[in-house]
Asker: 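I'd like to ask you about the structure that follows.
Here the structure is a predicted model, which is why all the values come from computation and not from measurement. Both counts, for ligands and for their atoms, begin at 1 and track the order of listing.
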Amino acid sequence: MSDEYEFLTLLRSRIVHDGARGLMDDVAVLPLGETRLVLTSDTIVEGVHYLPADPPADIGWKLAAVNLSDLAAKGARPVGCMLNYALSGDAAWDAAFLGGLHDMLDRHAMPLLGGDTVKMPAGSARSYSLTAMGESRGVVPSRAGAQAGDRLYVTGPVGDAGIGLDLARADPAASGPLVDAYRRPRPRLSEGMLLAPVVSAMMDLSDGLLIDAARMAQASQVAITIDHVPLSPALEKARGASTAVQMAAARAGDDYELLFTLPRGVAPPVRAIPIGHVSSGAGLTLMIDGAAMPLPERLGWEH
Ligand SMILES: Nc1ncnc2c1ncn2[C@@H]1O[C@H](COP(=O)(O)OP(=O)(O)O)[C@@H](O)[C@H]1O
Ligand SMILES: Cc1ncc(C[n+]2csc(CCOP(=O)(O)OP(=O)(O)O)c2C)c(N)n1
Ligand SMILES: [Mg+2]
């Protein structure tokens, strides 16, 4: 059991408010008059979520993107956010970070409303947090609604960012679509808004396809089978499409695509790749090229 899982289990035992969704979802949801306020907060840490040599504009972009991705997963419209910032000691670096942050926020009309600024002890790793607020006037899908018989989809291929991280680690000046997938994820907000009214369950892929699908299965109390690990042409060109490559792509994380289920016979209203199905029971099954694979001990990223 990971430290994160243990801590979340402790937190869940103390949760009483319905809006927390049992801490089993991407967001909290608070009814507010005619509408619902959708709340999420994510932190990125130097050396854990990004490389110290990553360009500051990309780090700012990523902080905004990973938070917007949780709103996308619930079909929420961004309404505002709060930034918690640790000064770097280099004003040009800080300005570049804010440039990248605002690039991402502006793309999705997300105003920055406030926050807090601190200085860290010299030499300590830095971390940045954003709290994002969205609104929804319709259904706010959860991870828990998948039903036996549903089909499973993802809005795009997985694994690019994992390879991009390897490339950026080997050479901080590396560039191209795989490195971009790692440094500049694109949250699927417009897709999320179109999907929210029709999906039975939806979440974003941050920790890896396998672990996130297993979480959806657990929250929905169903079994999920993945029979296709979708790879991008760029990834296949760089690494091929062997079983090992597909397995690594399914565990890598940092994908920020949407994973969702639809009743059989309902066509997705956005471009999406069918990757499996839901049945009664529990747990996750992975098929690669028609063969059931033993699941790795670690399905994806856990702190
Ligand atoms: N330190 C914390 N305090 C309160 N709730 C937390 C904390 N960490 C995580 N959570 C909650 O646990 C759930 C799962 O979190 P997480 O795995 O980070 O979701 P996501 O991958 O969507 O960001 C969410 O409801 C989140 O709000
Ligand atoms: C330097 C570096 N090493 C490893 C990773 C891989 N990685 C770190 S955290 C993570 C999962 C997402 O982070 P988490 O804090 O779990 O976000 P959340 O699920 O809360 O959105 C991944 C794939 C990375 N992004 N950067
Ligand atoms: Mg989180």
Asker: Heavy-atom contact under 4.0 Å between H303 and ligand 2?
Answerer: yes

Asker: If we ignore hydrogens and angles and just use 3.5 Å, is the side chain of D54 paired with the main-chain N or O of L51 as donor and acceptor?
Answerer: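 Yes.
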
Asker: Taking M216's backbone N and O only, do any of them form a donor-acceptor pair with S220's side chain (distance below 3.5 Å, no angle check)?
Answerer: yes

Asker: D42 to ligand 2: N or O pair under 3.5 Å?
Answerer: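 Yes, at least one N or O pair falls under 3.5 Å.
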
Asker: Should R36 and E135 count as an ion pair when the cut-off is N to O under 4.0 Å?
Answerer: no

Asker: Would you kindly specify which portion of A252 sits under 4.0 Å from ligand 2, judged on non-hydrogen atoms: side chain, backbone, both or neither?
Answerer: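 Just the backbone.
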
Asker: Side-chain donor-acceptor pair under 3.5 Å between N84 and S129, yes or no?
Answerer: no

Asker: Would you call the rings of W93 and F97 parallel, tilted or perpendicular, where under 30° means parallel and over 60° means perpendicular?
Answerer: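 Ring orientation, 0 to 90° scale: parallel.
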
Asker: Would you say D227's side chain and G290's backbone share a donor-acceptor pair under 3.5 angstrom?
Answerer: no

Asker: Under 2.8 Å from the Mg ion (ligand 3), is there an N/O/S atom belonging to D70?
Answerer: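 So D70 does not bind the Mg ion (ligand 3) by this criterion.
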
Asker: Can you tell which of N67, D70, D204 makes a side-chain hydrogen bond (donor to acceptor under 3.5 Å, both in side chains) with T40?
Answerer: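 Among N67, D70, D204, the one meeting side-chain hydrogen bond (donor to acceptor under 3.5 Å, both in side chains) with T40 is D70.
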
Asker: Show the nearest heavy-atom pair for residues P185 and W61, with the distance to one decimal.
Answerer: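 Closest pair (atom of P185, atom of W61, distance): O-NE1, 2.9 Å.
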
Asker: Of the backbone atoms (N, CA, C, O) and the side-chain heavy atoms from C-beta on, which set of I44 has a member under 4.0 Å from an atom of ligand 2: side chain, backbone, both, or neither?
Answerer: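 I44 to ligand 2: no contact under 4.0 Å from either part.
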
Asker: Protein heavy atoms near atom 16 (P) of ligand 1, is at least one of them under 4.0 angstrom away?
Answerer: no

Asker: Centroid-to-centroid, Y182 to Y50, below 6.0 Å?
Answerer: no

Asker: Not counting sequence neighbours, which residues clear ring-ring contact (aromatic ring centres under 6.0 Å, His included) with H108? List them please.
Answerer: none

Asker: Side chain or backbone of D254 under 4.0 Å from ligand 2, or both, or neither, by non-hydrogen atoms?
Answerer: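 Looking at D254 and ligand 2, atoms from backbone and side chain both fall under 4.0 Å.
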
Asker: Short list, please: which atoms of ligand 1 are under 4.0 Å from a heavy atom of D42?
Answerer: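 This gives 23 (O) as the contact atoms.
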
Asker: Can you name the atoms of ligand 1, numbered from 1 with element, that are less than 4.0 Å from a heavy atom of S206?
Answerer: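 Every atom of ligand 1 under 4.0 Å from some heavy atom of S206: 21 (O).
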
Asker: Can you tell me the protein heavy atom closest to atom 26 (N) of ligand 2 and the distance?
Answerer: Y182 OH, 2.8 Å

Asker: For atom 27 (O) of ligand 1, what is the nearest protein heavy atom, given as residue, atom name and distance?
Answerer: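 Answer, as residue, atom name and distance: L23 CD2, 4.4 Å.
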
Asker: Give a yes-or-no answer on whether the side chains of S200 and T261 include a donor-acceptor pair shorter than 3.5 Å.
Answerer: yes

Asker: Could you tell me the residue and atom name of the protein heavy atom closest to atom 9 (S) of ligand 2, and the distance to it rounded to 0.1 Å?
Answerer: W301 NE1, 3.1 Å

Asker: Contact between ligand 1 and R143 is defined here as a heavy atom of the residue under 4.0 Å from a ligand atom; is it met?
Answerer: yes

Asker: Looking only at protein heavy atoms, which one is nearest to atom 12 (C) of ligand 2, and what is the separation?
Answerer: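 That would be D207 OD1, 3.2 Å.
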
Asker: Should you measure from each heavy atom of G253, which atoms of ligand 2 turn up under 4.0 Å away?
Answerer: 23 (C)

Asker: With a 4.0 Å cut-off, strictly under, does atom 8 (N) of ligand 1 pick up any protein heavy atom?
Answerer: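 When distances to the protein are checked, atom 8 (N) of ligand 1 has a heavy atom within 4.0 Å.
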
Asker: Considering only the protein, which heavy-atom contact is closest to atom 19 (O) of ligand 2, and what is its distance?
Answerer: S206 OG, 2.8 Å

Asker: Considering heavy atoms of the protein only, find what lies nearest to atom 5 (C) of ligand 2 and give residue, atom and distance to 0.1 Å.
Answerer: V48 O, 3.3 Å

Asker: Provide the atom name of the closest N, O or S atom of D42 relative to the Mg ion (ligand 3).
Answerer: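 The nearest such atom is OD1.
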
Asker: Considering only heavy atoms of L8, which atoms of ligand 1 have at least one such atom less than 4.0 Å away?
Answerer: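 The atoms of ligand 1 under 4.0 Å from a heavy atom of L8 are 8 (N), 9 (C), 10 (N), 12 (O).
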
Asker: Counting only N and O atoms by type, is there a donor-acceptor contact under 3.5 Å from the side chain of S124 to the main-chain atoms of M120?
Answerer: no

Asker: Backbone, side chain, both or neither: what part of D70 comes under 4.0 angstrom of ligand 1, heavy atoms only?
Answerer: side chain

Asker: Salt bridge between D207 and R215, side-chain N to carboxylate O under 4.0 Å?
Answerer: yes

Asker: Scan side-chain atoms only and decide if Y128 and R126 contain a donor-acceptor pair under the 3.5 Å cut-off.
Answerer: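 The answer is yes; a qualifying pair exists.
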
Asker: Quick one: does any side-chain atom of T131 pair with a main-chain N or O of M82 as donor and acceptor, under 3.5 Å?
Answerer: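 Looks like no, no N/O pair under 3.5 Å.
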
Asker: Hey, is Y50 touching ligand 2 through its side chain, its backbone, both or neither, going by heavy atoms under 4.0 Å?
Answerer: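 For Y50, the contact with ligand 2 is made by the backbone alone.
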
Asker: Using a strict cut-off of 4.0 Å, indicate which atoms of ligand 1 neighbour a heavy atom of D26.
Answerer: 22 (O)

Asker: In terms of residue, atom name and distance, what is the protein heavy atom nearest to atom 3 (N) of ligand 1?
Answerer: L11 CD1, 3.6 Å

Asker: What protein heavy atom sits nearest atom 24 (C) of ligand 1, and how far off is it?
Answerer: D25 O, 3.2 Å

Asker: For ligand 2, indicate whether the residue R169 contacts it via side chain, backbone, both or neither (heavy-atom separation under 4.0 Å).
Answerer: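 The answer is the side chain of R169.
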
Asker: Do the side chains of D25 and K74 get close enough for a salt bridge, i.e. N-O under 4.0 angstrom?
Answerer: yes

Asker: Quick one: does V66 get within less than 4.0 Å of ligand 2, heavy atoms only?
Answerer: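 Outside the 4.0 Å threshold, so no.
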
